[in-house]
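Here the structure is a predicted model, which means the values were calculated and not measured. Proteins get letters first, then strands, A, B, ... in listed order; numbering begins at 1 in each.
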Amino acid sequence: MTLTSPAEHVDTVVARPQPRRGVSFRDAGPPIALVVIFLAFSVLSDDFRTFTNVQNIMDTAAVLAVVTCGITFVLMMGSIDLSAPGLMGASAIAVALLVANNRNGNDLGLLGVLVAVAIAAALGCLSGLALVLLKVPSFMTTLGVSAVGLGLATLMFNGVQPNITDKMLASWAVERFLGFSYLTWIAVACILVGWLVQRYSRLGRYAYAIGGAEEVLSLSGIRVKPYKVAVFTMAGAFYGLAGVMVTSQLSAGLVQAGRGFDFQAITAAVVGGTLLTGGRGGVLHSTVGVLLVTVVINGLVQIGVSPYWQGGVQGLIVVVAVAAAVLPQRRRNQVVK
Amino acid sequence: MSTPVLATPAADVGHADKGGPTLGQRLTSFMPLIALVALLAALSIADPDFLTQRSLTAVVRTSAPLVVLAVGATLVVLCGGIDLSIAALTSLSTVFFALWLPDLGGLTTLAVIAATACIGAVQGLTHVLLRIPSFIVTLGGMSIFSAVALVISDAGPVRITDRAATEWLTLYVGGYVPMAFVVAVIVVAAIALVLRLTPIQSWITATGYSEPAARLAGTPVDLVKVAAFTVSGACAGLASVMLVSRNFSGSPTMADNLLLPAVAAIVVGGTAITGGHGSVWRSLVGALVITLLRVGLPIVGVPSAWEQILYGAIIVAAVALTLDRSKVLIIK
Amino acid sequence: MSIDVQPEQTVSEPAPVPALEVRGLVKHYPGVKALDGVDLVVRQHEVLGLAGENGAGKSTLLKALVGLVRPDTGEIYVRGERVRMRSVVEAAENGIGMVFQEQSLVPNLTAAENIVLGSEGSAVRRGVYRWETMRKMAQEQLDKIGSDINPLARTDTLSFADRQMVEIAKLLRIEQRSQHPPVIILDEPTSVLESKEIETLFAQVRRLREFASVVFVSHRLDEVLDVCDRVSVLRGGQSVGELPTAGAVPAELHRMMIGSTGSDDHYHGGGVQAADRRESLLSVRGMSGATFRDVDLDVAPGEIVGIVGVHGSGREDVCRALFGAEPTTAGDVTLDGKKLDLSGTRAACAAGIGYVPAERKTEGMVGPMSVADNMVLTKQGARCTGPLVSPRKQATLVDRWIDRLSIRTPHRGTAIQRLSGGNQQKVVLARWLIAGDIKLLLLDHPTRGLDIGARSEVYRLMRELAGNGVATVLLADSLEEAIGMSDRIVVMSDGRVTKEIDCPSGAKPTPLDLVKEMV
Amino acid sequence: SEEASGGGNDEAGGSGACKPADVKLVGQVRNESNPYEAAWLDGGDAFAESVDLSQERLTYDGDSTKQQEQVSQLLAGDTECLVMNILPNGDSDTPPIVEQAQEAGAYLVTQWNKPADLNVADYDHWVSHITYNGVESGKQIGDALSEAIGGSGGIIALQGILDTGAAKDRFAGLEESLAANTDVKLLDEQTANFSRQEALEVTKTLLTKHGDDVKGIWAANDDMALGALEALKQAGKEGEVAVVGIDAVPDALTAIEDGAMTATVSSDGPWQGGIGLAIGYCVATGELSMDDVAAEERAWYAEQFLIEKDNVAEYMEPKTDEADFACDNVFSRSQGAIS
Ligand SMILES: Nc1ncnc2c1ncn2[C@@H]1O[C@H](COP(=O)(O)OP(=O)(O)OP(=O)(O)O)[C@@H](O)[C@H]1O
Ligand SMILES: Nc1ncnc2c1ncn2[C@@H]1O[C@H](COP(=O)(O)OP(=O)(O)OP(=O)(O)O)[C@@H](O)[C@H]1O
Ligand SMILES: [Mg+2]
Ligand SMILES: [Mg+2]
């Protein structure tokens, strides 16, 4: 009976909604918030709207942008990553001890940078392995690995501050190209790489898909575990590079090089529209978030908000920015965690 | 309406009382305790002096604020959210306590708890009404509370001179059991009891596992979430009173570093960070494990750098042991 | 067993090696024997139907065939060779692929990516995506089944039916993957499709038969008889026989499934007369929302009103709006003479409205919670004495309803996600009934995925409730169901109510009548 | 009244009669991952070795609660001959440590942080509290900065963690200095939480805000001063702006030697690590009786020096003299009681 029902004539083909290409409306919130906040500070402070300050903002954003690049892939999978402080600390100390420095005779130059990044990547890999093999939530594995990283860093630090004398590494923070420091360009390169990985590589797309529906990937015969591990490893490499960048900025390897970057990066990513539940957003979204957060911090100093209130006002602006950004997408029954 | 009677009888439905939780499943709920005992044993082997009554008393006394904080936040986690503001709120309320004590005297404790409960409720409302992820709301809350605490305390500790108001928390029940810990256990028991005896448990669980389904089943999802944040806030207030009783002062940054330990306690207890599965008892045990790690490792003589490495390794191992994976399908 | 048949295939032989053979498959779950020694033969180039009640073990059997379920004992032979399926990949290499009962697409990927997922071939070279190749590959698959979906659309922007087409398009990639004639398994592929799409699918199935074997599961027995060459029947995890479809009628098949004679009268007659509908229980005037405008609707106590309409007609959203789950911009809604608060689901529940959503897995039930907890989730009062939960009261209540609705579950404490789809649906329905205070039931595809027996029980239940004065709004699974069950049918199109048709027993309209109005 | 409770008892109050070998030495600082505190613990080790003991090194990660937890745990053990040399995380952390130590009968020396109204003389087991005069150091470097910029011009200030006594005292010192040098103008003040990295970022922002008006940078510690130096380097203003800090960490000394930095004030980590244990050890073993500890030696300012280019060479090598730790000499660096 059902089969023979003549209802088949019914399904008039309605004009199908064409898929959105490029920027969609629901992605527009954070960029608009960025522009609004930027304009607001420009009006409030003449010092803010100078080119030097824009340079300054970009330079300041560089390290956070690299960390956020890494964390974005983890968040895209729906996992979380708190290991940035430990991994950055380990790589900062490692690179300071490997390039020309005041502690030992090493002078590995770029190779030293690579080794430091590799150490962080290995630690990232460790979080990933603990996640997939021990089935411990990433929240915990990364927290644990962060502690391990800090411990390693403290061991390497061994009581004496390593200062770098390496010309190449020191120049990253000082030399400029087209008005911006090399570090800023490194961050731009990272964002570009991150974006290409996200859009054109299997790793990136699978990370995105894992956030959307992990079980479906297994049903399609894809082994997701290696990809998860790879994502954490890649994130670790980004943090490692960020640790190296901090070392370049400070001319010294600090165990605390990554302090606070975990929550800052997550905030930036979420403000930019990457969902903590995974499956949405991406490197470009996160970059907008990084700029937004940096602009707020810089702007508050520029307009002279009391240091006592700085943190509070930052927090308020972040909440308001996110509220404004989600406003157009509010739906009943929507899950917000 | 009379309940309808259906023609087809149940053929061979075996819903007799077999098939309840198996032994294995029961065992998994004891895993946190096993982890705790194992850790204690390891520490005692490393330093036999560690296993003394005085030392254990000190551990449970120390753990009380962490237990209370973790237990409050557990409710939020069970609902599928997270509360990152607990530590900053505790710091803020230590300042409240110290500032209000001269005027309110014995009522200060209640006033502080009421105030933090309200602050928690405001965060909850912001979360459900504005649809902002709890992570962001409470992250914002964290920095706002810190700023307020700095400003109202004039960026410094506020000493309390009248210790009578918190004296009771420093007593020992039966000479051995610290009152603060007894209070913490009572809080846990009370919350656990309310959850067990009322429908709230299933509302929270449903919200945590599947919010859309819970909502469409008419569960008061928003109410439950706001309530969870309120309790979490109240617990932060209580924890602050415990800290004040220990430190004789309020300070705008006093408890700031308790955030990650509290969340770690929740997860080490085996509560799923994604929501739904877990319990406040688990967080109690988790908090004890974390406290043992925080104080035990350095006291038995592990050097600072190795202490961090061990801490990292042990919390991961503890979660590997305690998390009941049959309840959490996908580990993110 | 010792069937070491010659591996080389000689098609000219009278009895060619079966494409797939299963012997003595057993699978235990805690408290259930999902498979209890199943035998199954899938011949080459045939469409084999698999029938059985909810929970008979069909999905479990099929999952065992693609390596998702590890059977306790039993053997699987592919083209005469014993194989051990350990993963979907292995199954695919053996030429076996499956469309799952619950949809399995990644919502935030494009349709194209979903189609090639896991078998990207040349679309991904050395880990790098080549979007154009991928789009072409996907387009090719979609063209095969005559779907006009844009391959670069994000999957979660597609309708349910479109997503099903994407699944099938994806499955057909198996042709590229195995050099042998593939075995393609479709577990209830039609339950969410509309007639036209079902036709397209069947055309595909017939095309597939040319070069493949197909295993097809559906609870619509007429479909099974129509498209299959042969039907195997499962009952309680055991094979109870098979039936050539030529000349068979649904009743015969149904008898085999349940082991006794079933009633042919699915819809159980009954209904209210037009005269009884003077005062309406639910009255909707000029309700508008994002996807519907100016909806007027009346439902009398004891009346079942079916809403029909094509995809995008807005009928789902009307239902959700009445339950407070979708915002409205205008309109007066009264229930029992009192103005209805549409601000949230809670108010709706309190007013005596019940809602059974179509997406059971994500919206209907809380998977990891027990059957009992799911059942009492809404009407907490029913298991409480005062404000406190009484475990004894809950046990009696839940067990009584498990009996009443013959829910197959090992225990009331079993997680609902372990039940078969049909049994899950019964639990969800029971949720609204246990307190006995329901006035209006909104049923969105309540029989989706239910076997004929269960469906019949749901119908009987609906009648029973109607008899007790409960008003029902039904979004039916098929036009026949709408016609059979409704006292009145409201046609919606493009967000508006376009027609109301009285539908009393004895003077039912034909599907054709409705279709004319729906266009 | 000055001779307060310390010597009240006939058993000489807190003075102990421990055998030297029974004494247990504990040094507790925030972490071992900065040179100053690592050197502090090493100084403690050096002292312990000199009396054939070993020091238990504790760190608490700058986490007040963790510090309290460790101290309670420590005091739950054997406390009779326990000597603790502790760096409390903040002012508010001192009272509970003191009370617990008093109750347990352990010998306690605290450094740096103490609420002003907490009186050491009220406790007989809290042997001593040592600190540097923050107002003084803040003023000294403020004056040095004024001089370096020629007595007039704009400066910016980088504050420490706002709720620490050290940060406040040092800033108060700066204000005193500014009151004396009226032509020097404080353009801006921000906190960089004693952190090198935060200082880098804050300074960069302030440099763009005030541009060439900035002639000098006052930082509440050397770490921030070093961060500010990096910021100057990145802004291409190396050498154009004078920078001062406090603590005399090795990097800062090097910077002063190189002329990149103007001044710092010494605080001697290794000495602090040793002296606290030494005082406690002397009292625990009875070599030093609490009766003999003068009231002004219960809470005192340690000697500090302004280090500038001309005298930096003297401080490049840390020199702790074992003679400093002899029981009759432990208060030799006192600059007088904390007022
Ligand atoms: N021709 C193409 N070239 C490159 N990438 C493509 C192409 N087509 C689709 N994609 C990928 O498919 C994804 C989905 O496309 P679409 O633009 O619809 O969503 P989106 O904007 O990325 O999603 P979101 O809203 O989450 O940001 C894109 O992220 C993009 O990476
Ligand atoms: N993962 C599981 N754990 C425990 N029991 C299970 C599991 N999966 C299925 N079962 C049980 O096995 C039996 C067979 O289920 P199955 O899903 O195969 O039925 P089905 O014939 O496909 O039913 P439907 O027509 O409703 O889809 C049911 O009783 C079900 O409760
Ligand atoms: Mg996009
Ligand atoms: Mg099935």
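- In terms of heavy-atom pairs under 4.5 Å with chain D, the best-connected choice from A:Asp47, A:Asn56, A:Val255 is A:Asn56.
- The shortest distance between side-chain heavy atoms of A:Gln256 and D:Ser33 falls below 4.5 Å.
- There is no contact between A:Ser181 and chain D, counting heavy-atom distances below 4.5 Å.
- In terms of heavy-atom pairs under 4.5 Å with chain D, the best-connected choice from A:Gly260, A:Gly159, A:Ala170, A:Ser251 is A:Ser251.
- Both the backbone and the side chain of A:Leu250 have a heavy atom closer than 4.5 Å to some heavy atom of chain D.
- Contact count versus chain A (heavy atoms, under 4.5 Å) is highest, among D:Glu37, D:Glu238, D:Glu32, D:Glu189, for D:Glu32.
- Near-neighbour residues of residues 53-65 of chain D relative to chain A, defined by a heavy atom under 4.5 Å from a heavy atom of that chain, are none.
- Residue A:Thr247 holds its OG1 atom at 9.0 Å from CD of D:Gln197, rounded to the nearest 0.5 Å.
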Legend entry - Evaluation steps, side-chain contact (heavy atoms from CB on, under 4.5 Å), between A:Asp59 and D:Lys204: CA-CA 9 Å; A:Asp59 290 353; D:Lys204 275 161 84 176; 3.6 Å; yes
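- Atom OG1 in A:Thr60 sits 9.0 Å away from atom CD in D:Gln234 (nearest 0.5 Å).
- In this structure the side chain of D:Thr191 never reaches within 4.5 angstrom of the side chain of A:Gln310, judged on heavy atoms.
- Contact annotation for A:Tyr308: both backbone and side-chain heavy atoms come within less than 4.5 Å of a heavy atom of chain D.
- The two residues A:Gln161 and D:Pro35 come nearest to each other via the heavy atoms CB-CG, 3.7 Å.
- Put simply, of D:Thr254, D:Leu162, D:Val249, D:Leu229, the one with the most heavy-atom pairs under 4.5 Å next to chain A is D:Leu162.
- D:Asn31 touches chain A through its side chain: at least one heavy atom from C-beta onward sits under 4.5 Å away, while N, CA, C and O do not.
- Comparing A:Ile297, A:Val160, A:Val246, A:Thr50 by how many heavy-atom pairs each has under 4.5 Å with chain D, the most go to A:Val246.
- With rounding to the nearest 0.5 Å, the separation of CD1 in A:Ile57 from CD in D:Glu201 is 12.0 Å.
- Between A:Leu254 and D:Arg196 there is a side-chain heavy-atom pair separated by less than 4.5 Å.
- Applying the salt bridge (charged side-chain N to carboxylate O under 4.0 Å, His left out) rule to D:Lys233 yields the partners D:Glu230; only residues at least two apart in sequence or on another chain are considered.
- Annotation for D:Asp212: atom CG does not count as buried by contact number, only 12 or fewer foreign heavy atoms lying within 6.0 Å.
- Applying a 4.5 Å heavy-atom cutoff, the residues of residues 145-158 of chain A that approach chain D are A:Thr154, A:Phe157.
- For D:Glu49, the CD atom counts as loosely surrounded, since its 6.0 Å shell holds 12 or fewer non-hydrogen atoms of other residues, nucleotides or ligands.
- Heavy-atom pairs under 4.5 Å with chain A peak, among D:Thr205, D:Leu226, D:Leu206, D:Leu207, at D:Thr205.
- Screening residues 288-303 of chain A for side-chain hydrogen bond (donor to acceptor under 3.5 Å, both in side chains) gives A:Asn53-A:Asn298, A:Asn53-A:Gln302, A:Gln302-D:Thr208 as the qualifying pairs, with residues at least two apart or on separate chains.
- Across D:Gln190 and A:Val305, no two heavy atoms sit closer than the pair NE2-O, 3.5 Å.
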